[in-house]
Every structure is written in C-alpha cells, then in structure tokens.
Amino acid sequence: NSDESAPVSVVFDNNNTLTVDDNGIAFADFNNIPEAILKATAGDTIDVAAGTYGDDLTIDKDLTLNGGVDLGLGAGPSEIDTATTLVTADGVTLNHFTFTGNLGGDAFINLDTNNAHSGISITDNIFDGAITTWHVIRAGGNKTNLTITGNEFTGSTSGNDNALILLGFGGGSINVSNNDFGNFPSTYSLVAIQHNANGGARTVGLTINNNEFDYAGYANAGNGSEAISVRYADYVVVTGNNLVGSATNLVYEAGITLA
C-alpha cells in the first residue's frame, strides 16, 4: 500500500511582501486575499492586483493591504465587491481599494465594534455605489491614532441617521480629513461623518479637516442630511471643510453640529 499526500504550495516571503491576483497564482503568490492574510505574518505588506474580489475579509494581525498594484498585467482598481472587511488588530492599513455593492445591513469596513485598537489607517480608497442600511465605515469606540483620509465616497449611502463614517466614544488622536463625499442617493437621511456617543469615556483629540461635501441633487424628503456631527468629544478641530451643492427639498438637518 502507498499513501499520496496532496500537493503542497510554498511561498517564500523574502521581502515581507505577499502578492494577490485574481487571475491566478501564475501571476502572484495567491489568487485571493483571505489566504494571503492567513499566511502573512505581522508587519507584512499584501499587494493586491487589479481585479474583483468578493470574499469577506478578517484582518487579525498588523498588516498593510495595498490595492491597485501593478504586478505586471497593468494597473487598475482592486474592487471589493459586496463583501465586508472586519479589522480586529492594531496597526492595520487599508489603502487604495474600491468598495462597491449592496450589503443590506452590514458595514463595508468594521473596526471591531467598540473594542480598543490603535494605529489603524483607512486611506485613499473609493466607495463607489457602496450601499448599506447601517454604516459604510464603522470605526466604533475606543480607537486611538485612527486615520481616515483621502477617501472618496460617490453614489454611496448609509441608512437613516447612520453614517458613511461612524466614530464612537473614547479613544483619541483621530484624524478624518481630505475625504470627498458626493452624488448621494436620496434614499436615506444619512450623516457623512458622525461622532456619536452619549456615555462612557469622551474622545480626546478629534480632527476633521478639509473634507468636501457636494449635495447637488440630493432630494431626501425626510430628515435630510448632516455633513458633520460631533458629540461627546474634547479637543475637537473642524476646519477647512467645504459644503456645496443645491439640494431640492426644504427640510434638512444642520450642515455641521458640534454638541
């Protein structure tokens, strides 16, 4: 009698960088992102080629994920299509991905609800037609050194009184700046950037600078929309934000609320 083992694949991570291409492992180390996350070690970078990726992701270690990387077949968007990304580790960076699809009641990016984490960055991503009745990015509470910058939200919406970017209680040194919001669907009365807490520790240090909000054509006839809403935070800086566009209904919430 003889036993045969299944084929074994070996990836040599010589430069702390793993690669992913949905065209197959002939072009990269992996053909899907979850396997790359599983095989990576803390501190690694995962470069993702242009393509469409539909797996839910759990990032449970300190990793940098870069989308839109040219691995030799040309540059283009790395699209996370109708899938959720759960971050449960410190030091995670998500950079240059495109998020799209209708998730129903889920968040596109969930930073581990209200569990404490530090050093997470969500930068230079595009949320294009990202539809949910919950929040698009749910940062939650107890986050420190959190950076959400350079992202574009177009044709995307959260649910009624929910947010495209939701921040919670506690934590501090949070920077939400240089993001662009526009082409809002009129389906829901959304909040673009919302710090929403009514108990627990106050957030200490919140910067919301140089964001662009274009409400042209937005026509929700319910409670309308707020661009920025901040509650229960100290040492808050809100400067250089630009609200433009002419909405088509008369009933709207405040453009910026600091309470």
Side-chain angles (χ1 to χ4, degrees), residues 11 13-87 89 91-103 106-111 119-132 136-139 146-157 164-165 175-183 210-212:
V11 174
D13 180 12
N14 292 324
N15 59 355
N16 299 319
T17 300
L18 302 175
T19 56
V20 179
D21 192 326
D22 65 344
N23 287 300
I25 59 173
F27 306 98
D29 298 322
F30 304 97
N31 62 10
N32 66 86
I33 302 172
E35 189 177 3
I37 293 171
L38 178 65
K39 300 296 176 58
T41 58
D44 279 355
T45 295
I46 298 175
D47 286 342
V48 181
T52 301
Y53 302 87
D55 295 313
D56 292 337
L57 307 179
T58 298
I59 306 173
D60 56 359
K61 61 195 79 169
D62 172 1
L63 297 173
T64 295
L65 277 70
N66 296 315
V69 178
D70 186 353
L71 298 180
L73 296 179
S78 299
E79 188 172 282
I80 309 295
D81 188 0
T82 320
T84 62
T85 298
L86 173 64
V87 177
V92 171
T93 295
L94 279 171
N95 177 63
H96 209 249
F97 287 91
T98 297
F99 295 85
T100 189
N102 189 331
L103 282 184
D106 255 330
F108 283 84
I109 299 176
N110 187 341
L111 304 186
I120 296 173
S121 296
I122 302 172
T123 55
D124 299 323
N125 300 285
I126 297 174
F127 297 84
D128 184 1
I131 307 297
T132 176
V136 175
I137 298 175
R138 190 189 191 284
L146 171 64
T147 301
I148 303 175
T149 59
N151 302 285
E152 178 183 349
F153 298 79
T154 180
S156 298
T157 187
L164 299 180
I165 299 174
N175 182 19
V176 181
S177 298
N178 300 303
N179 301 287
D180 290 341
F181 304 83
N183 193 26
N210 301 320
N211 299 283
E212 297 280 337

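What you see below is based on every heavy atom in this structure, not just the backbone, and it leaves out hydrogens, waters and symmetry mates. Treat the numbers as computed from the prediction; the structure is a model and nothing was measured.
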Exercise for the section: Look only at the side chain of Thr132 and the backbone of Asp106, and say whether a donor-acceptor pair between them is shorter than 3.5 Å. Expected result: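 Answer holds: yes.
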Practice task
Would you confirm whether Ser156, through its side chain, and Ala130, through its main-chain N or O, come within 3.5 Å as a donor-acceptor pair?
Solution key: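 Flag set: sc Ser156 to bb Ala130 pair under 3.5 Å.
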Quick one: are [X] and [Y] in side-chain contact, heavy atoms under 4.5 Å?
X	Y	result
Ile46	Val20	yes
Ile37	Leu63	yes
Asp44	Asn16	yes
Asn66	His96	no
Asn151	Ile122	yes
Ile165	Phe181	yes
Ile109	Phe127	yes
Ile137	Phe153	yes

Heavy-atom closest contact ([X] atom, [Y] atom, distance):
X	Y	answer
Leu18	Lys39	CD1-C, 4.3 Å
Gly74	Ala50	O-CB, 4.4 Å
Ser177	Asn175	OG-OD1, 2.6 Å
Asp60	Ala89	C-CB, 3.5 Å
Ala139	Leu146	CB-CD2, 3.8 Å
Asp21	Tyr53	CA-OH, 3.6 Å

Handout entry: Between Thr123 and Asn95: side-chain donor-acceptor atoms closer than 3.5 Å
Key =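 Yes, because at least one side-chain N or O of Thr123 sits under 3.5 Å from a partner of the opposite role on Asn95.
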If you measure from [atom1] on [X] to [atom2] on [Y], what distance do you get to the nearest 0.5 Å?
X	Y	atom1	atom2	result
Asp55	Thr84	CG	OG1	10.0 Å
Leu94	Ser121	CG	OG	9.5 Å
Asn23	Leu71	CG	CG	10.0 Å
Arg138	Leu86	CZ	CG	11.0 Å
Asp56	Asn110	CG	CG	11.5 Å
Glu35	Ile25	CD	CD1	8.5 Å

Problem - Residues forming a side chain to side chain donor-acceptor pair (under 3.5 Å) with Thr19, sequence neighbours excluded - result: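 So Thr19 forms a side chain to side chain donor-acceptor pair (under 3.5 Å) with Asp29.
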Practice task
Please work out which of the three classes, parallel, tilted or perpendicular, describes the rings of Phe99 and Phe108, given edges at 30° and 60°.
Solution key: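 Plane angle over 60°, so perpendicular.
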Exercise for the section: For side-chain contact (heavy atoms from CB on, under 4.5 Å), just list the numbers for Leu65 and Thr85, CA-CA rounded to whole Å, side-chain angles, deciding distance to a tenth of an Å, and then say yes or no. Expected result: CA-CA 12 Å; Leu65 277 70; Thr85 298; over 6 Å; no
Going by atom type alone, with no hydrogens or angles, which donor-acceptor pairs under 3.5 Å involve a side-chain atom of residues 76-83 and a protein atom two or more places apart or on another chain?
| from | atom 1 | to | atom 2 | distance (Å) |
| --- | --- | --- | --- | --- |
| Ser78 | OG | Val48 | O | 3.1 |
| Ser78 | OG | Ala49 | O | 2.8 |
| Ser78 | OG | Gly68 | N | 2.7 |

Problem - For Phe97, ring pair (Phe, Tyr, Trp, His ring centres under 6.0 Å) partners two or more places apart - result: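 Applying ring pair (Phe, Tyr, Trp, His ring centres under 6.0 Å) to Phe97 gives none.
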Handout entry: Option passing side-chain hydrogen bond (donor to acceptor under 3.5 Å, both in side chains) with Asn179 (candidates Asn125, Asn211, Thr149)
Key =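 Among Asn125, Asn211, Thr149, the one that satisfies the side-chain hydrogen bond (donor to acceptor under 3.5 Å, both in side chains) with Asn179 is Asn211.
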